[in-house]
Amino acid sequence: MIKKTPNPIDVFVGSRVRLRRLMVGMSQEALADRLGVTFQQVQKYEKGTNRISASRLQAISEVFRVPPSFFFQDEESAMPSAGAGHETGDVSTFVSSKEGLDLNRAFLKIEDAGVRKSIISLATALSKASAAAAEANERADNAPELRI
């Protein structure tokens, strides 16, 4: 028997459901209770194993107080593509991690726009410095050996 792979859009929508659930601090069990399904069903929705019907997506939207379009939106575009970019997956993975959620919650509590911009500038500078150091290390590792 051939194992059926989930549609990439179903996987993306499910990952957005999981992301939103984690952002609001809700368990799979709590979401399942609000929807009238089992937590296993919520797991299948989040993995993209089971498709989410339009009426169920509307119910999920109401639970999370977001428009249904939220579950189709990407940071880069309004619609996910079948070959969604690697970086977008990295962002989604990070944002749904404990550290990503903690960072997002703390960042959202900062009301001063100037402080927020400063934090973004700091993070950008640190990432550029880290990338430059990694590139320098790679060049050093690939440099020809000098023998005397």
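The first residue in the sequence is number 1, and the count goes up from there.
Taking the centre and axis of the six-membered ring of Phe64, the NZ or CZ atom of Arg21 falls outside the cone set by 45° and 6.0 Å. For the pair Arg16 and Phe72, the cation-pi test (distance below 6.0 Å, angle within 45°) is failed. For Arg116 and Phe107, the positive end sits near the middle of the six-membered ring, less than 6.0 Å away and at most 45° from its axis.
Summarising the geometry, atom CD belonging to Gln58 is positioned 10.5 Å from atom OG belonging to Ser53; distances are rounded to the nearest 0.5 Å. Going from atom CG of Leu35 over to atom CD1 of Ile52 covers 9.0 Å, rounded to the nearest 0.5 Å.
Without hydrogens or angle criteria, Ser130 side chain to Leu126 main chain gives no donor-acceptor distance under 3.5 Å. Side chain of Asp10 to main chain of Pro6: no donor-acceptor pair is present (N/O by atom type, distance under 3.5 Å, no hydrogens or angles). Looking only at distances, no side-chain donor or acceptor of Arg105 sits under 3.5 Å from a matching main-chain atom of Val24.
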Starting from the C-alpha separation in whole Å, work towards a yes-or-no answer on side-chain contact (heavy atoms from CB on, under 4.5 Å) for Met23 and Asn104.
CA-CA 9 Å; Met23 287 174 72; Asn104 278 306; 6.0 Å; no

Is there a side-chain contact (heavy atoms from CB on, under 4.5 Å) between Val11 and Asn7 once you walk through the steps?
CA-CA 6 Å; Val11 172; Asn7 182 294; over 6 Å; no

Under the side-chain contact (heavy atoms from CB on, under 4.5 Å) criterion, do Val63 and Met26 qualify, and how do the steps go?
CA-CA 10 Å; Val63 168; Met26 185 181 285; 3.9 Å; yes

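With 3.5 Å as the limit, one finds no donor-acceptor pair spanning the side chains of Tyr45 and Arg18. Side-chain contact annotation: Gln40 with Gln28, donor-acceptor N/O pair under 3.5 Å absent.
Within a 6.0 Å radius of CZ in Arg34, no more than 12 heavy atoms belonging to other residues, nucleotides or ligands are found.
The shortest distance between side-chain heavy atoms of Val66 and Phe71 falls below 4.5 Å.
Criterion: ILVMFWY side-chain heavy atoms under 4.5 Å apart, direct or through other members. Under it, Ile110 and Ile120 are part of a common hydrophobic cluster.
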